[in-house]
Amino acid sequence: MSRLHAWAELLRLPALFTVPGDGLAGAAAVAARPDRRTALAVGCSLCLYEAGMALNDWADRAEDAVERPHRPLPSGRIRPAAALAAACALTAAGLALAARAGRPALAVAVPLAATVWSYDLVLKRTPAGPGAMAAARGLDLLLGAAATAGTVRPALPSAALLSTHTLAVTAVSRQETRDGTPLAPLAALAATATLTRLLPGDLGRERDRPRRHPLVAARRRDAGASPTPSRSPGRLRPVGFLTTALALSYAAATARPYLNAALNPSPPLTQRAVGAGIRATIPLQAALAARAGAGATALGTVALTALARRFSKRVSVT
């Protein structure tokens, strides 16, 4: 049991629940229902995310021996070679799943994997670190779009919003182990407020639901599936209000931790802010799905919040 807990700690198990929403939001952005290819993309995302977690601790093992001696590698509960082997195996598994999802998915998964490895091994301690992490999250959302519809263009706005959130959280995380300044938490607070304002859009207008991308219909015909009607123009008021509720939930999850970290940028409060920011990715993903008109996907995504919160009580996400 202690060995399993060590691996759960190494892989930061609670953070895993922040991953499926990327691909689901990507599918929603191209007005497509999640299908087998979407599931393969989510599987790829899970593998690459956990590969990054294992590689992160392997790359930081010397630093963690001083600043976080309780972590699985410096404490001796997991051998560094085992962590590196897990990172390699998970990366290979992720790319294999992407290949099964089709060429468009693999074309996104390869740079995503390269970004993960580049961040952990080279970029993390450079000024490009937060940008690389943000790019990885954005690519993960685009992976879901590419796998489901064979195109990423309609999903670019959603990817940009998700990347902005990730950029803010990563900037805060750079001062987790030392006393920092209030600038990063304040910037994250401002980013959260901006995203919360941008997500719902204008509820006072009638808006057209996004039409299914032509490649989605073509793929369904090639697979022999019965055609499903495109989302026709109509009022999006119910989904619009759901988007607003999810956007407010996202803001509520991060506002107080960010503010506390800004008032007292000590390691404990900064770590709490980072944990809150990571978990807040889930309602943000759900809001992005709702914003695209996929209410059922949004509700399914936000349900992962309870699991992330439950497991966070046993294993840290930072």
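We count residues from 1, following the sequence as given. It should be emphasised that the depicted structure is a prediction, and the values quoted were computed from it without experimental measurement.
- In the hydrophobic cluster analysis, where Ile, Leu, Val, Met, Phe, Trp and Tyr join through side-chain heavy atoms closer than 4.5 angstrom, Val108 is grouped together with Val116.
- Partners of Ala159 under the side chain to side chain contact (heavy atoms under 4.5 Å, CB included) rule, at least two apart in sequence or in another chain, are Leu141, Leu142.
- Residues satisfying the side chain to side chain contact (heavy atoms under 4.5 Å, CB included) test with Ala168, not counting sequence neighbours, are Ala188, Ala191.
- Across all non-hydrogen atoms, the minimal contact from Ala8 to Val315 is O-CG1, 3.5 Å.
- No side-chain heavy atom of Trp117 sits less than 4.5 Å from a side-chain heavy atom of Leu48.
- Residue pairs meeting the side chain to side chain donor-acceptor pair (under 3.5 Å) criterion with at least one member in residues 295-305, sequence neighbours excluded, do not occur.
- Between the Arg79 side chain and the Leu73 main chain, no donor and acceptor come within less than 3.5 Å of each other.
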Legend entry - Trace of the side chain to side chain contact (heavy atoms under 4.5 Å, CB included) decision for Val19 with Val42: CA-CA 8 Å; Val19 178; Val42 170; 5.7 Å; no
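- Between Ser75 and Arg77, the side chains place a donor N or O and an acceptor N or O closer than 3.5 Å (distance only, hydrogens not considered).
- Side chain of Arg174 to main chain of Lys124: a donor-acceptor pair is present (N/O by atom type, distance under 3.5 Å, no hydrogens or angles).
- Ionic pairing of Arg125 and Asp120 is not present here: no N-O contact between side-chain nitrogen and carboxylate oxygen is shorter than 4.0 angstrom.
- For the residue pair Leu143 and Ala41, the shortest heavy atom distance occurs at CD2-O, 3.7 Å.
- Inspection of the Thr177 and Glu67 side chains reveals an N or O donor paired with an N or O acceptor under 3.5 Å.
- When every heavy atom of Thr91 is checked against every heavy atom of Ala113, the shortest pair comes out as CG2-CB, 4.3 Å.
- Residues Thr192 and His165 have side chains that never bring a donor and an acceptor to within less than 3.5 angstrom of each other.
- Annotation for Leu97: hydrophobic cluster partners, listed by chain and number, are Leu40 (ILVMFWY side-chain heavy atoms under 4.5 Å, direct or chained).
- Grouping the Ile, Leu, Val, Met, Phe, Trp and Tyr side chains by contacts below 4.5 angstrom, directly or via other members, places Val172 with Ile278.
- The side chain to side chain contact (heavy atoms under 4.5 Å, CB included) search around Leu248 returns Thr196, Thr244, not counting sequence neighbours.
- When all heavy atoms of Ala292 and Ala28 are compared, the closest pair comes out as CB-O, 3.3 Å.
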Identify every side-chain donor-acceptor pair in residues 257-268 under 3.5 Å, counting partners at least two apart or on other chains, and give the distances.
from, atom 1, to, atom 2, distance (Å)
Asn260, ND2, Arg256, O, 3.4

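- Between Leu24 and Thr38 the shortest side-chain heavy-atom distance falls below 4.5 Å.
- Nearest approach of Ala276 to Thr254, heavy atoms of both residues: O-CG2, 3.9 Å.
- A donor-acceptor pair shorter than 3.5 Å cannot be found between the side chains of Ser45 and Asp22.
- Leu16 is not listed as a side-chain neighbour of Leu11, based on a closest heavy-atom distance of 4.5 Å or more.
- The two residues Glu9 and His70 make their nearest non-hydrogen contact at OE2-O, 3.8 Å.
- Without hydrogens or angle criteria, Gln285 side chain to Thr18 main chain gives a donor-acceptor distance under 3.5 Å.
- For the pair Leu195 and Thr164, the minimum side-chain heavy-atom distance is below 4.5 Å.
- Leu139 and Val110 are not part of a single hydrophobic cluster, where members link through side-chain heavy atoms under 4.5 Å apart.
- Using a 4.5 Å heavy-atom cutoff, the side chains of Gln271 and Ser316 are not in contact.
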